[in-house]
Colleague: 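Take this structure first; my questions come after.
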Amino acid sequence: SRQCVVVRERSEGGPLHHHHRIMTFSYHNVRAVRHLHKTGDVPLPPFLPNYASWPGWLQVTYNYLIGCHIGHLLDFSVALLCYYIFFVWTNTFEQASTWQLGWVSRVVAFNLVCEFTIYGFWHWFMYASEYARGNLKSKKFNKNNQYEENGPVGMFSSTSGHLQREVFLTTLGWLQSSAYQCVMMWLWASGRVPFYADFWATPSKSIALLMFVTYFREFHFYWCHRMMHPWWNRKNGLAQGDIGAVLYRYVHSWHHKSYNPGPWSGLAMHPVEHFLYYTCTLLPLIIPSHPMHFLYPKFHADIAPIGGHDGYGEPGGNGDFHWLHHAKFECNYGVPLINFDRLFGTWQDCPPIAKQTTTTATTTAAIPATKTEHKKKK
């Protein structure tokens, strides 16, 4: 059997709830990584330091009503900045009534700057900086370095070939999400799709739709993702009616080449998968909405995968449930906030054990630790 490293700890109030994990890094993660590097300990969040001592019902209530939204503050902040740049501070939106290279190129440029700034920073911080060579190494789920067997990790290329593949595919994803944004701006500006410009004209509706995005994203992700895995058997084809097996073989398998994922792995997908993935942004085609109701799910989809794929427990993204999916393929298709995996019997978990310790995974089958073992499992 393989070894499964987990850094989630038990507290006096019981095991840490899955819902409390984030899919996007925050100021606390940066602060905690630096603190770990200096002291060897992971600090408590500066806010809610007594969270672990709360009764279970209060933790769950907070997670579902407040924490799940705060965990995506970075995504929301970038969406808000994008809104002000293109809808308020400049005349870009007025120009979008007709297709012009000028406004389209500005939208694409903004998205690419966001991509390389946000993804590039977290990759550097977790894999290429001095922190990656210090105490943070003990928090990595798979101790093997997926980019370099020996020596430092680069920013955009690696001897293993994984990093440049992931950067290239992630960039294709951001370009496609930029195209989604350009099309929506054109549809609104040309009057082809109704929208409303004053967010506070209907505050209850506006806030409710914005909060709904968090839950809808998880719902959409599960079903879109599950559809691209075999429905019955991975050896099936269209003759057996197993569309999922076909989509996995020719499309989703590109994403699973990152069997030991890092920050750039989250959007390292086939362009067909990008197209399906970003359909989570299209509710404004059905419900007249404010531009933020498109921009928030768009940047949520762009940025949120970083933490869930960074390969580290706390103080990283702590997405052990999704790391296990990349290792085993046929479990943990969604996220714990709306846990369809428990409902359909596909949830698997590593045993919650003390930090910086290693145990044999008793609740999972063998987990491939190397590229050779990964190919054998497939």
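Reckoned from all heavy atoms, side chains included, excluding hydrogens, waters and symmetry mates. Position 1 is the first residue of the sequence, and the numbers go up from there.
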Colleague: Side chains of Gln95 and Ser97: donor-acceptor distance under 3.5 Å anywhere?
Modeller: no
Colleague: Is a side-chain donor or acceptor of Lys257 paired with a backbone partner of Ala268 at a separation under 3.5 angstrom?
Modeller: no
Colleague: Under the 3.5 angstrom rule, does the side chain of Asn236 hit a backbone N or O of Trp232 as a donor-acceptor pair?
Modeller: no
Colleague: Under a plain distance cut-off of 3.5 Å, with no hydrogens placed, do Ser160 and Gln146 share a side-chain donor-acceptor pair?
Modeller: no
Colleague: Is the backbone of Lys235 close enough, under 3.5 Å, to the side chain of Asn233 for a donor and an acceptor to pair up by distance?
Modeller: yes
Colleague: Taking atom CD as the centre, does Glu149 end up with more than 12 heavy-atom neighbours from other residues, nucleotides or ligands that are less than 6.0 angstrom away?
Modeller: no
Colleague: Main chain of Ile338, side chain of Glu218: is a donor-acceptor contact present, judged purely on distance under 3.5 Å?
Modeller: no
Colleague: Less than 6.0 angstrom separating the ring centers of Trp264 and Phe116, yes or no?
Modeller: yes
Colleague: Can you label the angle between the His322 ring and the His255 ring as parallel, tilted or perpendicular, going by 30° and 60°?
Modeller: tilted
Colleague: Quick one: do Leu44 and Leu36 end up in the same hydrophobic cluster if we chain Ile, Leu, Val, Met, Phe, Trp and Tyr together by side-chain heavy atoms under 4.5 Å apart?
Modeller: no
Colleague: Please check this pair: side chain of His274 against backbone of Gln176, looking for a donor-acceptor N/O pair closer than 3.5 Å.
Modeller: no
Colleague: Looking at every heavy atom in both Gly334 and Asp341, which two are closest together, and how far apart are they?
Modeller: N-OD2, 2.8 Å
Colleague: Write down the atom of Asn318, the atom of Asp310, and the distance for their closest heavy-atom approach.
Modeller: N-OD1, 4.5 Å
Colleague: Please name all residues satisfying side-chain hydrogen bond (donor to acceptor under 3.5 Å, both in side chains) with Thr61, sequence neighbours left out, ordered by chain then number.
Modeller: none
Colleague: Taking Ser53's backbone N and O only, do any of them form a donor-acceptor pair with Asn50's side chain (distance below 3.5 Å, no angle check)?
Modeller: no
Colleague: With no hydrogens and no angle check, do the side chains of Tyr51 and Asn63 hold a donor and an acceptor under 3.5 Å apart?
Modeller: yes
Colleague: Parallel, tilted or perpendicular, judged at 30° and 60°: which one describes the rings of Phe344 and Tyr222?
Modeller: parallel
Colleague: Can you find a heavy atom in the side chain of Val78 that is under 4.5 Å from one in the side chain of Ile303?
Modeller: yes
Colleague: Kindly compute the distance separating CZ (Phe219) from SG (Cys224), expressed to the nearest 0.5 Å.
Modeller: 11.5 Å
Colleague: Residues two or more places apart in sequence or in another chain: which of them pass side-chain hydrogen bond (donor to acceptor under 3.5 Å, both in side chains) with Tyr119?
Modeller: none
Colleague: Applying side-chain contact (heavy atoms from CB on, under 4.5 Å), can you list everything that pairs with His69, at least two apart in sequence or on another chain?
Modeller: Met211, Thr214, Tyr215
Colleague: For Glu330, enumerate each residue passing the salt bridge (Lys or Arg N to Asp or Glu O under 4.0 Å) test, keeping only those at least two apart in sequence or located in another chain.
Modeller: Arg234
Colleague: Give the ring-plane orientation class for Phe275 versus Tyr180, where under 30° counts as parallel, over 60° as perpendicular and anything between as tilted.
Modeller: tilted
Colleague: Which word best sums up how the rings of Trp89 and Tyr84 line up, parallel for under 30°, tilted for 30 to 60°, or perpendicular for over 60°?
Modeller: tilted
Colleague: Parallel, tilted or perpendicular: which one describes the rings of His123 and Tyr147, with boundaries at 30° and 60°?
Modeller: perpendicular
Colleague: Please lay out, stage by stage, how Thr159 and Glu148 fare under the test side-chain hydrogen bond (donor to acceptor under 3.5 Å, both in side chains).
Modeller: CA-CA 6 Å; Thr159 57; Glu148 301 290 349; 2.5 Å; yes
Colleague: Among all residues two or more places apart in sequence or in another chain, which pass the side-chain contact (heavy atoms from CB on, under 4.5 Å) test with Cys331?
Modeller: Leu324, Lys328, Gln348
Colleague: Are a donor atom and an acceptor atom from the side chains of Ser258 and His162 found within less than 3.5 Å of each other?
Modeller: no
Colleague: Output all residues satisfying ring pair (Phe, Tyr, Trp, His ring centres under 6.0 Å) with Phe299, sequence neighbours left out; order by chain, then residue number.
Modeller: none
Colleague: Please find out if less than 6.0 Å separates the ring center of Trp223 from that of Phe340.
Modeller: yes
Colleague: List in chain and number order the residues that pass side-chain contact (heavy atoms from CB on, under 4.5 Å) with Val246, two or more places apart in sequence or in another chain; answer none if no residue qualifies.
Modeller: Leu238, Arg249, Tyr250
Colleague: Check for me whether the distance between the ring centres of Phe221 and Tyr333 falls short of 6.0 Å.
Modeller: no
Colleague: Who are the side-chain hydrogen bond (donor to acceptor under 3.5 Å, both in side chains) partners of His37, not counting sequence neighbours?
Modeller: none
Colleague: Could you tell me how the ring of Tyr248 sits relative to the ring of His256: parallel (under 30°), tilted (30 to 60°) or perpendicular (over 60°)?
Modeller: tilted
Colleague: Sequence neighbours excluded, which residues qualify as salt bridge (Lys or Arg N to Asp or Glu O under 4.0 Å) partners of Asp302?
Modeller: Lys298
Colleague: Please answer whether the main-chain N or O of Glu94 pairs with a side-chain N or O of Asn91 as donor and acceptor at a distance below 3.5 Å.
Modeller: no
Colleague: With side-chain hydrogen bond (donor to acceptor under 3.5 Å, both in side chains) as the criterion, how do Ser157 and Gln164 come out once you've worked through the C-alpha distance, each side chain's angles and the decisive distance to 0.1 Å?
Modeller: CA-CA 5 Å; Ser157 65; Gln164 51 266 51; 5.1 Å; no
Colleague: Do Asn29 and Ser26 meet the criterion of a side-chain donor-acceptor pair at a distance under 3.5 Å?
Modeller: yes
Colleague: Sequence neighbours left out, what passes ring pair (Phe, Tyr, Trp, His ring centres under 6.0 Å) with Tyr296? Give chain and number order.
Modeller: Phe76, His300
Colleague: What residues form a ring pair (Phe, Tyr, Trp, His ring centres under 6.0 Å) with Phe212, not counting sequence neighbours?
Modeller: Phe216
Colleague: Looking at Tyr312 versus Phe141, is the centre-to-centre ring distance below 6.0 Å?
Modeller: no
Colleague: Below 30° counts as parallel, above 60° as perpendicular, anything between as tilted: where do the rings of Trp254 and His270 land?
Modeller: tilted
Colleague: With sequence neighbours excluded, what pairs up with Ala301 under the side-chain contact (heavy atoms from CB on, under 4.5 Å) test?
Modeller: Arg217, Tyr277, Tyr278, Cys280
Colleague: Between Arg226 and His229, is any side-chain donor less than 3.5 angstrom from a side-chain acceptor?
Modeller: no
